[in-house]
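Predicted model only: the values in this text are computed from it and were never measured. Scope of the values below: all heavy atoms of this structure, side chains included, with no hydrogens, waters or symmetry mates.
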Amino acid sequence: MEKKLKIYLKSLKVNDGSDLHLKSGSNVRMRVHGVLRLLGEERMAAKDMEILAEEILNMDQAVSLKKEKSLDFTYILDEESRFRVNFFYQTDGLSAVFRNIPVKIPTIEELKLPEVIKEFTDLHRGLVLVTGVTGSGKSTTLAAILDRINNRDKKHIITIEDPIEFIHKDKGCLVNQRAIGQDANSFGSALRGALREDPDIILVGEMRDLETIDIAMHAANTGHLVFSTLHTLDAKETIDRIIGMFPTNEQNRIRTSLASVLEGVISQRLVQTQDGKRTAAIEILKKTARIEQLILENRDFEILDALFEGNEIYGTQTFDQSLIDLFEQRRISEEVVMQNATNPADMKLKLQGIGRGAVKVNNATNNAEENDIVAFKNEDEESKSRPHSGRKIL
């Protein structure tokens with residue numbers, strides 16, 4: 001079964017896919033530019049998935065999967081191919097998802113991220129969070145930020161991840177990467193240990209619980225630069241989530257601490273581009289006197305206005321501003337803008353030239369070249385009806 005897995009993973013990479021899906025009793029699928037497509041006609045039997053798990057898991061991993069009913073780990077196909085894997089049980093047996101992790105770390109410029117994000121690499125202390133739903137590119141953005149620091153500075157970076165995704169080689173910086181389960185028992189224990197390991201920068205793969213959040217904020221407050229992720233939709237929800245994790249009698253203390261240490265929030269959502277691929281629409285919060293005051297005074301509902309008004313001076317932006325920028329660059333369609341807008345009614349007025357000025361786009365240039373697509377066998381009709389890149393899927 002591992003030989004078949006390797007064939008599937010090579011097909012995933014050839015077709016520029018992001019995820020390979022294996023499910024007991026179902027066809028093999030892969031996600032290409034956000035769309036799940038069938039790969040051939042073969043179905044994975046429950047026994048096939050059990051054999052695959054036996055072949056690629058070590059004894060400790062197998063025991064953990066049986067006990068916890070799910071398992072995260074990294075699978076290495078070759079020097080150029082690494083995958084983040086999750087095995088889990090479902091009604092019909094085992095399933096697995098293999099997420100393709102690029103070996104080459106993309107730069108901030110290659111990802112076409114807003115220029116203001118580079119300013120977060122110049123910080124010496126504080127907390128910077130990258131947020132969004134699963135699969136929105138949080139890890140890739142963080143990897144690009146760390147790589148910029150690694151190429152430029154001479155610092156000690158410690159990463160704590162579950163599992164390790166991007167491998168950062170020692171360049172200007174000394175980089176120690178620790179995987180939960182393999183190199184540390186938990187995020188909390190690894191983070192406490194990191195404070196005794198002379199770090200300049202700490203990356204926490206995810207702030208999952210109250211203990212991790214508390215220690216991360218303490219680290220940021222004691223002179224370290226801390227990067228981490230949260231599964232929240234925007235800056236306001238991020239602040240509310242962090243404070244809401246703590247008991248009511250501690251929330252004032254946490255709000256004061258967060259107002260002091262929070263240097264930035266980068267919130268991402270992937271949207272469909274004109275060529276059938278995906279790009280990130282990004283909301284950016286950067287610490288200013290006004291933002292600090294709003295957090296401190298529990299006026300989180302005013303944060304969105306502050307981000308909008310701070311665009312020209314500080315480089316902050318809302319999701320809707322990001323969508324308009326992508327539209328003006330002819331990278332996304334008006335339909336995609338409306339589908340993803342935080343306030344569709346307000347966005348419609350902006351696109352008509354009210355509130356921001358006319359958005360001038362030559363629609364004739366928006367239409368991507370249409371070529372016939374050679375889809376996977378047995379591709380369902382729903383997938384056929386979705387936008388595609390014009391690129392042939394082999």
Side-chain angles (χ1 to χ4, degrees), residues 60-61 63-65 67-74 84-88 123 125-134 138-139 141-143 145-146 155-168 174-232 237-266 295:
D60 289 340
Q61 289 172 331
V63 170
S64 179
L65 176 59
K67 180 181 178 181
E68 303 296 334
K69 305 303 180 184
S70 69
L71 176 71
D72 293 312
F73 63 99
T74 300
R84 184 183 72 194
V85 188
N86 180 267
F87 262 92
F88 59 97
L123 298 171
R125 60 178 293 275
L127 177 66
V128 177
L129 300 172
V130 180
T131 79
V133 300
T134 301
K138 299 186 297 294
S139 298
T141 295
L142 277 176
I145 289 172
L146 281 192
K155 295 182 177 181
H156 181 199
I157 300 173
I158 295 177
T159 78
I160 304 165
E161 303 170 75
D162 183 21
I164 292 173
E165 297 190 30
F166 291 90
I167 299 297
H168 294 271
L174 175 67
V175 186
N176 281 297
Q177 297 188 256
R178 306 187 68 191
I180 301 301
Q182 175 181 312
D183 308 310
N185 292 326
S186 68
F187 278 108
S189 63
L191 191 47
R192 278 195 301 271
L195 296 178
R196 300 188 295 272
E197 292 156 6
D198 188 34
D200 298 291
I201 298 168
I202 304 172
L203 181 144
V204 184
E206 182 182 347
M207 298 211 300
R208 294 180 178 176
D209 52 42
L210 187 148
E211 179 189 24
T212 304
I213 293 174
D214 200 19
I215 301 172
M217 290 177 60
H218 173 70
N221 200 37
T222 54
H224 303 88
L225 178 56
V226 180
F227 292 98
S228 191
T229 71
L230 275 174
H231 289 95
T232 51
E237 184 183 332
T238 299
I239 293 166
D240 292 343
R241 175 75 59 83
I242 291 174
I243 295 171
M245 290 279 288
F246 290 82
T248 305
N249 63 338
E250 289 190 47
Q251 289 183 3
N252 286 336
R253 173 182 69 85
I254 295 303
R255 181 173 289 279
T256 300
S257 179
L258 186 61
S260 173
V261 303
L262 185 64
E263 293 290 338
V265 179
I266 304 166
I295 297 173

Side-chain donor/acceptor of [X] to backbone N/O of [Y], under 3.5 Å:
{"X": "Q177", "Y": "H168", "answer": "yes"}
{"X": "N221", "Y": "M217", "answer": "no"}
{"X": "S64", "Y": "D60", "answer": "no"}
{"X": "R84", "Y": "T74", "answer": "no"}
{"X": "K138", "Y": "G132", "answer": "yes"}
{"X": "S228", "Y": "V204", "answer": "yes"}
{"X": "T238", "Y": "T232", "answer": "no"}

Beyond-backbone contact of [X] with [Y], side-chain heavy atoms, under 4.5 angstrom:
{"X": "E237", "Y": "L230", "result": "no"}
{"X": "F73", "Y": "Q61", "result": "yes"}
{"X": "I180", "Y": "D72", "result": "no"}
{"X": "T229", "Y": "T131", "result": "no"}
{"X": "V175", "Y": "H156", "result": "no"}
{"X": "V261", "Y": "V226", "result": "no"}
{"X": "E263", "Y": "L123", "result": "yes"}

Side-chain H-bond candidate by donor/acceptor type, S257 with S260, under 3.5 Å: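 S260 and S257 do not have a side-chain donor-acceptor pair below 3.5 Å.
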For E161 and T159, does a side-chain donor sit closer than 3.5 Å to a side-chain acceptor?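 Checked: E161/T159 side chains pair up, N/O donor to acceptor below 3.5 Å.
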Donor-acceptor contacts, no H, no angles, side chain residues 206-213, under 3.5 Å, sequence neighbours left out:
unit_1 : atom_1 : unit_2 : atom_2 : d
E206   : OE1    : R208   : NE     : 3.3
E206   : OE2    : H231   : ND1    : 3.2
R208   : NH1    : D162   : OD2    : 3.2
R208   : NH2    : D162   : OD2    : 3.2
D209   : OD1    : E211   : N      : 3.4
D209   : OD1    : T212   : N      : 2.8
D209   : OD1    : T212   : OG1    : 2.7
E211   : OE2    : R192   : NH1    : 2.3

Rounded to the nearest 0.5 Å, how far apart are CZ of F166 and OG of S139?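 Nearest 0.5 Å value for the CZ-OG distance: 7.0 Å.
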CG/N86 to CG/L71 distance, rounded to the nearest 0.5 angstrom?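 Going from CG on N86 over to CG on L71, the span is 7.5 Å.
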Would you check, one step at a time, whether the test side-chain contact (heavy atoms from CB on, under 4.5 Å) holds for L174 with I157? CA-CA 6 Å; L174 175 67; I157 300 173; over 6 Å; no
Return the minimal non-hydrogen interatomic distance between [X] and [Y], and the atom names on each side.
{"X": "I215", "Y": "G188", "result": "CD1-O, 3.6 Å"}
{"X": "I202", "Y": "A194", "result": "CD1-CB, 4.1 Å"}
{"X": "L191", "Y": "A216", "result": "CD2-N, 3.5 Å"}
{"X": "P199", "Y": "I158", "result": "CB-CD1, 3.8 Å"}

Apply side-chain contact (heavy atoms from CB on, under 4.5 Å) to the pair L258 and I239, showing each step before the final yes or no. CA-CA 8 Å; L258 186 61; I239 293 166; 4.0 Å; yes
Could you list the donor-acceptor pairs under 3.5 angstrom formed between side-chain atoms of residues 243-252 and any protein atom two or more places apart in sequence or on another chain?
unit_1 : atom_1 : unit_2 : atom_2 : d
E250   : OE1    : R253   : NH2    : 2.6
Q251   : NE2    : F246   : O      : 3.0

Is there a side-chain contact (heavy atoms from CB on, under 4.5 Å) between L142 and L203? Walk through the geometry before answering. CA-CA 9 Å; L142 277 176; L203 181 144; 4.1 Å; yes
When you look at I201 and F227, which way does the side-chain contact (heavy atoms from CB on, under 4.5 Å) test go after all the steps? CA-CA 8 Å; I201 298 168; F227 292 98; 3.8 Å; yes
